[in-house]
Each structure stands twice: as C-alpha cells, then as structure tokens.
Amino acid sequence: AARGPRRPLRLVWIVVDSLRADRLAGGGYHRTLTPNLDAFAARSVVFSQARSQSDNTSESFPSFLGSQYPSYFLGVPPEPQLNHTMASVLAGQGYRTGVVTPIRLIPEYALAGFDVAKQDISHRHSFVYGVTSVPVTVSAEELLRQWHSDPFFLLVHYYDPHGAYIPHERFYFGSSSEDAYDSEVAYTDHFLGKLLALLEENGFLDDTIVVIHADHGDSFGEHGNVAHGGSLFDEVVHVPLLLYVPGVAPRRVDEPVGLVDVMPTLLNIMGHPDPGRLQGRSLRALLEGGTLPRRPVFFESNYPGNLLYGVYDEGHKLLWDVKSDAFAMFDVAADPLELTNRVSASAEQRDRLMGILNGFRDAYLHAPLFRGPLRDGD
C-alpha cells in the first residue's frame, strides 16, 4: 500500500462509547442511525468481526491504548506497566498528543503520554454527564486547527450513547429505552460527521490515519441483561471497527480481530518501533488484502462482582463464568443472537475452546486468577 506523503502519518483515534456493531449499516438494523459513519466506512477498511477485550470503559481503554488484556492491570501496581501506550510511543517520536473526553472514567495510567487532556467538558456533571457531543467536537476541532502543520495523535471519546439515554428532538424514535439509545447514536453520528468533514475539508485525510470503534456495546434485555458490565455476549463485545489509511483501498475484512490489535497495527503502518510487551498483533496484512494465520479472540469481564472469560474462534464462542464455574457455548456463525447454548451438545467443540482459553490464560494473563473475587466492592 502507498505510504502517502513524505511527512509522518498523523493519527485521529475516535472511540464512541457503548456503540453496538449492529447499529451501523450492514448490521441488519431496521433504522438508519449512522449516515456519517456509514459514508466513512465506505472509504475505510471495515472489520466486521471485531470484539472488545472488555465489557466496560475503565478496562477497555487501557487494553486498546496499551495493547494488553485487562487482567494485565489487575493485582499489580499498573502505573509503571503502561508506559508503552500509543501516546507514550508517539510522544517519544516528537508527536503532539491530546485526548478529548467528557468524563473521567479512563484510568490515569492509560492516559500516559498525552500532553493535552481535555476532560470534564460536559455542561452538566452527574451520572448522565449531560449532552457531550457538542463540546467534544468543538474541543477536538480546536486542537486540530492548532496542530494543522504538526505530527499529532488525537484521541477523541464520544460518550452520549452511554446510559442514561437522553432522547434528542431532531432524532426522536420513540419513548422506550432502546429508542432513546438510538436517538443518542444518531445524535452522536451527526456531530461525528462534522468532525470528519473538518478532516476532509482541511486536507487531513491526505496524511492522517483515522480509526473509529466502540469500547463496548450495550444490552437491551438480551440474555436477561441491560446496559453493560458483567456480560460477554455479542451485544456487548461485538463492536464496530473502521480504519482509514491514506493510500489503502477500502475493503471489508471478516476475519475475527480484537481491539487489542489496533495499536500494533497503527505502529506498523506508521513506521514506529514496537515498544514490546504488546499482546495484540498487527493487522496490516489484512488491511492490504493479504492474510494472517488464524488467531482466537479473547475477552474478559472483571466488573465488580463478576469474573468472566470468553474466546471466539472459527465461528464458535465459549463463555466461562469463573465464580459459578458455568459455561455457555454458541455457534455464532449460525446463531448470531447466541440463543442456543450448545455446551452440552458438542463436547468436542467445548473441550477444544476450553483448551484454547486455558492456553490464553497461561500465555497472556499476568495477574493470578484464582485468588477469590476480583475488585469486589470497588
């Protein structure tokens, strides 16, 4: 693929909180909610089978910003361990680095390396955090204008689709909780479209990578759950992932990938050194139309009161509730809504996935797992 202009590639990394994969075009949803994201997807590489490594914001962000599984940060002081974030690497290469987020849910150690941190920019401070897409967009545009001629990494966190949901008059779909969520998604897409238009109109897309994904999704009664945290079903861990790279042709990639793979991919494309200890892998070959060896995708929940692990491989998914030692297994390719638990019907498949999951624990998870509940009472 083309390397683009001579000056270093810049990076805009956009995270939309709680955005389900099925709300974008192609997800089979009955409403059109994201025309701006859909238009940008048409010029990007779309990973249709991306999954988050966690079901909540405070674990997902450190995971993808440092390419580590969430358990890496449990049971040990995290501060000295996350000095290899994307921001730290690029700051060391002379980049301007900034993050715009309306909340303080991202752990401080995950923000290592950011020179500018615009936080708490909501007009109202409560659990709802007010309506935030406007100040997030304005703050992001201000930094882009300041840094127009510089190498930079800007992380932008849109939060409005996170509950509690606030319906917006211009995007009103009804009175149910899911209707209000859809309103938030459409509202966020509207302002995200303004940010993407600024990138287009000011020439940033000639030499700037843009990655867009969610940190997790949300539940609306599926599997008896609402919201997120404490669930690894696909309504929570299956997330949209779009990657726009100057000079790389748009395509759809159906191979399973994880958000933990985003940072190694970006470093590879941008030509920056691997800081080591990354647990994801570069997806550059897939971006450019090639192949990679098959690799399972893992996810976990250390949400207070829970200890859950899961693996997705060859169209099948195994979930393990460690505290109750209960298992569930789904043929996701044939049963995308995960309605039929096949853990008893296919012992061979269950044992294969359990072997992969045990191997993952041994190879990747630094924190001891069986020492009692993790983070209960936090």
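Atoms considered below: every heavy atom in the structure, side chains included; atoms not considered: hydrogens, waters and symmetry mates. Numbers here are sequence positions counted from 1.
Contacts classified as salt bridge (charged side-chain N to carboxylate O under 4.0 Å, His left out) and involving residues 133-158 (residues at least two apart or in different chains) are given here: R96-D150, K118-E142. Applying the ring-ring contact (aromatic ring centres under 6.0 Å, His included) rule to pairs touching residues 331-355 yields nothing, sequence neighbours excluded.
Remark: side-chain polar atoms of D207 are not paired, donor with acceptor, to backbone N or O of L9 under 3.5 angstrom. Side chain of N268 to backbone of R284: no donor-acceptor contact under 3.5 angstrom is found. In this structure, the side chain of D55 does not engage the main chain of L232 through any donor-acceptor pair within 3.5 Å. A donor-acceptor pair under 3.5 Å is formed between the side chain of D160 and the backbone N or O of T132. For Q53 (side chain) and F298 (main-chain N/O), a donor-acceptor pair under 3.5 Å exists by modelled atom type. A distance-only check finds no donor-acceptor pair linking the side chain of N358 to the backbone of G355 [under 3.5 Å]. Using modelled atom types, one side-chain atom of D189 and one backbone atom of L37 make a donor-acceptor pair closer than 3.5 Å. Counting only distance, with no hydrogens or angles, the side chain of S52 and the backbone of H216 share no donor-acceptor pair below 3.5 Å. With E222 contributing its side chain and V236 its backbone, the two residues share no donor-acceptor pair below 3.5 Å. Between the side chain of Y244 and the main chain of L205, a donor-acceptor pair closer than 3.5 Å is present.
When the shell of 6.0 Å around CZ of R294 is examined, it contains more than 12 heavy atoms from other residues, nucleotides or ligands.
Salt-bridge formation is detected for the pair R252/D254: a Lys NZ or Arg NE/NH1/NH2 atom is positioned less than 4.0 Å from an Asp or Glu carboxylate oxygen. Salt-bridge annotation for R342 and D335: absent, with no side-chain N of the basic residue lying under 4.0 Å from a carboxylate O of the acidic one.
Relative to the six-membered ring of Y312, R51 meets both conditions, a distance below 6.0 Å and an angle of at most 45° to the axis. Under a cutoff of 6.0 Å and an axis angle of 45°, R23 and Y29 form a cation-pi pair.
Distance check: S63 OG to E300 CD gives 7.5 Å after rounding to the nearest 0.5 Å.
Taking hydrophobic clusters as Ile, Leu, Val, Met, Phe, Trp and Tyr residues chained together by side-chain heavy-atom distances below 4.5 Å, Y172 does not share a cluster with F220.
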Task: CA sep, side-chain torsions, deciding dist, call: F47, H213, ring-ring contact (aromatic ring centres under 6.0 Å, His included) - done: CA-CA 10 Å; F47 291 89; H213 63 79; over 10 Å; no

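Taking the six-membered ring where the residue is Trp, the centroids of Y95 and H272 are separated by under 6.0 Å.
A tilted orientation is assigned to the rings of W13 and F153, their planes being inclined by 30° to 60°.
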Kindly list each side-chain donor-acceptor pair under 3.5 angstrom involving residues 191-202, sequence neighbours excluded, with atom names and distances?
unit_1 : atom_1 : unit_2 : atom_2 : d
E200   : OE1    : R43    : NH1    : 2.5
E200   : OE1    : R43    : NH2    : 3.1
N202   : ND2    : L198   : O      : 3.0

